[in-house]
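Shown next, in structure tokens, is the structure this report addresses.
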Amino acid sequence: MKLTLAEPRLLIDSVSIISELVNDVRFKIDKNAIELISMDPANVALVMFKLLSSAFTEYQVDKPVEIAINLESFKGILKRVRPADVLSMELDSEKNRLRIKLKSDSTRTFNLALIDIEEKEQKIPELNFPVKIEMNSAALDDAVYDMDVIAESISLVAQKGKFVVEAESNMNDARTEIPEDSETKITGAKTEVKAKYSIEYMKKIIKGGKLAPRVSLQFNKDYPLRVDYLVKDKLSFSVVLAPRVSND
């Protein structure tokens with residue numbers, strides 16, 4: 001196995017974001033992509049990530065492999081990547097580690113130990129959503145951080161012609177209304193759909209805006225939220241987040 005990235009930023013940003021939610025993870029690597037499906041330790045968020053082979057300048061995978069690593073350790077190595085570096089990864093099966101090379105005017109080599117994790121294999125749940133919001137990532141970021149000064153949970157509201165983000169505490173409340181237009185598309189919402197989620201988790205998830213300028217949200221009352229960021233022909237980052245019950 002040998003994988004080479006001329007744009008290491010794709011991997012650096014992805015690992016940084018994913019590490020906010022999960023710690024020890026298992027990557028599946030086949031001829032098409034590097035894939036991760038992992039549940040956070042509190043069983044609140046399911047993280048799904050795929051980095052496609054087309055994102056690499058060199059992608060040699062003779063047979064499918066699985067590797068488990070600690071993301072904090074991996075992130076520490078990736079922080080050492082310089083702007084001009086080309087990043088390559090190889091599997092050292094004999095010593096059970098991942099070899100990471102950073103090459104520009106010099107060649108630096110890091111060996112990351114593979115680990116054993118007992119996490120059961122996660123599967124993407126089959127969910128049916130009545131509404132879907134497609135919008136600019138920056139607009140969602142602003143709305144979430146506005147609500148963060150008010151409460152610990154956030155309500156997402158889909159209405160005909162607009163998307164509303166609101167929060168309420170014992171003393172204060174806040175509300176952002178985003179009309180449907182060329183930048184914001186609302187599918188469904190024949191009747192109002194309102195759902196509540198943790199702001200703590202939302203702040204971690206929306207860091208996916210570093211990866212893609214657009215985001216899609218799918219939700220329902222007292223039902224999980226699915227958030228998707230997509231970079232065509234390169235990567236996808238998605239999270240399914242458990243709801244906060246409506247009487248929370």
Side-chain angles (χ1 to χ4, degrees), residues 1-38 40 47-117 119 121-122 137-138 141 204-215 228-239:
M1 182 195 89
K2 185 174 182 181
L3 315 176
T4 302
L5 271 172
E7 296 180 75
R9 182 55 53 188
L10 287 173
L11 183 62
I12 295 168
D13 288 343
S14 297
V15 168
S16 177
I17 295 162
I18 295 167
S19 69
E20 295 272 339
L21 294 160
V22 292
N23 303 312
D24 297 333
V25 299
R26 182 183 291 110
F27 285 100
K28 292 184 178 181
I29 305 171
D30 62 21
K31 64 180 181 179
N32 299 313
I34 297 176
E35 184 175 12
L36 173 154
I37 303 173
S38 184
D40 88 295
V47 180
M48 298 162 286
F49 172 71
K50 188 176 286 189
L51 187 59
L52 302 179
S53 60
S54 52
F56 293 80
T57 53
E58 182 180 11
Y59 194 88
Q60 297 178 4
V61 179
D62 297 327
K63 60 181 180 179
V65 296
E66 293 188 12
I67 60 171
I69 60 175
N70 176 270
L71 281 188
E72 280 298 318
S73 298
F74 192 28
K75 184 169 70 171
I77 293 172
L78 294 179
K79 285 181 178 179
R80 301 304 307 154
V81 177
R82 299 183 299 217
D85 283 337
V86 172
L87 183 151
S88 65
M89 295 179 289
E90 297 180 67
L91 187 61
D92 183 346
S93 300
E94 291 186 4
K95 295 186 177 180
N96 199 39
R97 58 190 187 179
L98 182 67
R99 180 176 298 117
I100 302 154
K101 288 187 178 181
L102 309 177
K103 190 171 184 178
S104 52
D105 55 349
S106 63
T107 300
R108 293 171 291 151
T109 303
F110 301 84
N111 291 299
L112 177 64
L114 303 183
I115 60 174
D116 293 320
I117 56 177
E119 181 187 46
E121 184 174 355
Q122 299 290 341
S137 300
D141 293 356
K204 295 176 180 179
I205 294 168
I206 62 173
K207 291 182 179 181
K210 289 183 179 179
L211 304 173
R214 301 278 296 171
V215 60
D228 291 281
Y229 294 91
L230 175 67
V231 181
K232 187 177 179 181
D233 297 328
K234 291 188 177 180
L235 66 82
S236 63
F237 168 66
S238 306
V239 180

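Values below: every heavy atom of this structure, side chains too, minus hydrogens, waters and symmetry copies.
The backbone N or O of L36 lies less than 3.5 Å from no partner atom in the side chain of R26, so there is not a single donor-acceptor pair. Not one N or O on the side chain of Y229 forms a donor-acceptor pair closer than 3.5 Å with the backbone of P213.
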Kindly indicate, with the supporting measurements, whether the criterion side chain to side chain donor-acceptor pair (under 3.5 Å) is fulfilled by D228 and S238.
CA-CA 4 Å; D228 291 281; S238 306; 2.4 Å; yes
The test is side chain to side chain contact (heavy atoms under 4.5 Å, CB included); show your working for F237 and M48 and say whether it passes.
CA-CA 6 Å; F237 168 66; M48 298 162 286; over 6 Å; no
Could you walk me through whether L98 and N111 pass the side chain to side chain contact (heavy atoms under 4.5 Å, CB included) test, one step at a time?
CA-CA 6 Å; L98 182 67; N111 291 299; over 6 Å; no
L78 and L87: CA distance, side-chain angles, deciding distance, side chain to side chain contact (heavy atoms under 4.5 Å, CB included) verdict
CA-CA 9 Å; L78 294 179; L87 183 151; 3.6 Å; yes
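For CZ of R108, the number of neighbouring non-hydrogen atoms (other residues, nucleotides, ligands) closer than 6.0 Å is greater than 12. The number of heavy atoms from other shown groups lying within 6.0 Å of CG (D105) is above 12. The environment of K50 atom NZ is sparse: at most 12 non-hydrogen atoms of other residues, nucleotides or ligands sit within 6.0 angstrom.
Residues S14 and L211 are in side-chain contact: their nearest non-hydrogen atoms beyond the backbone lie under 4.5 Å apart. With a 4.5 Å cut-off on side-chain heavy atoms, V47 and D40 do not count as touching. Between I115 and D24, some side-chain heavy-atom pair lies under the 4.5 Å cut-off. Using a 4.5 Å heavy-atom cutoff, the side chains of F74 and V25 are not in contact. Side-chain atoms of I29 and E66, non-hydrogen and from C-beta on, never get closer than 4.5 Å to each other. Contact annotation: the side chain of F56 approaches that of I34 to within less than 4.5 Å [non-hydrogen atoms, C-beta and beyond]. No side-chain heavy atom of N96 sits under 4.5 Å from any side-chain heavy atom of D92. Between L71 and N23 the shortest side-chain heavy-atom distance does not fall below 4.5 Å.
For the atom pair K204 NZ and I206 CD1, the distance stands at 12.5 Å (nearest 0.5 Å). The CG atom of L112 lies 8.0 Å from the CD1 atom of I67; values are rounded to the nearest 0.5 Å. Separating the OG atom in S88 from the CZ atom in R99 is a distance of 9.5 Å, to the nearest 0.5 Å. For the atom pair CE of M89 and CG of L102, the computed distance is 10.5 Å after rounding to the nearest 0.5 Å. Rounded to the nearest 0.5 angstrom, L230 CG and K232 NZ are separated by 9.5 Å. Once rounded to the nearest 0.5 Å, the distance linking OH of Y59 with CG of L52 reads 8.5 Å.
For the pair A113 and I69, the tightest heavy-atom approach, listed with the atom from each and the gap, is O-CG2, 4.5 Å. Pairing each heavy atom of L51 with each of A55, the nearest pair is CD1-CB, 4.0 Å. Contact detail for S137 and A212: the closest heavy-atom pair is OG-O, 2.8 Å.
For the 3.5 Å distance criterion, the side chains of D233 and S54 fail to qualify, holding no donor opposite an acceptor. With 3.5 Å as the limit, one finds a donor-acceptor pair spanning the side chains of D85 and S104. For the 3.5 Å distance criterion, the side chains of S19 and K75 qualify, holding a donor opposite an acceptor.
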Output a table of donor-acceptor pairs, distance under 3.5 Å, between side-chain atoms of residues 1-9 and any protein atom two or more places apart or on a different chain; print 'none' if there are none.
residue	atom	partner	partner atom	Å
T4	OG1	E58	OE1	3.0
E7	OE2	K234	NZ	3.1
R9	NH1	D13	OD1	3.2

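Here salt bridge (Lys or Arg N to Asp or Glu O under 4.0 Å) pairs that include residues 27-38, with residues two or more places apart or in two chains, are K28-E121.
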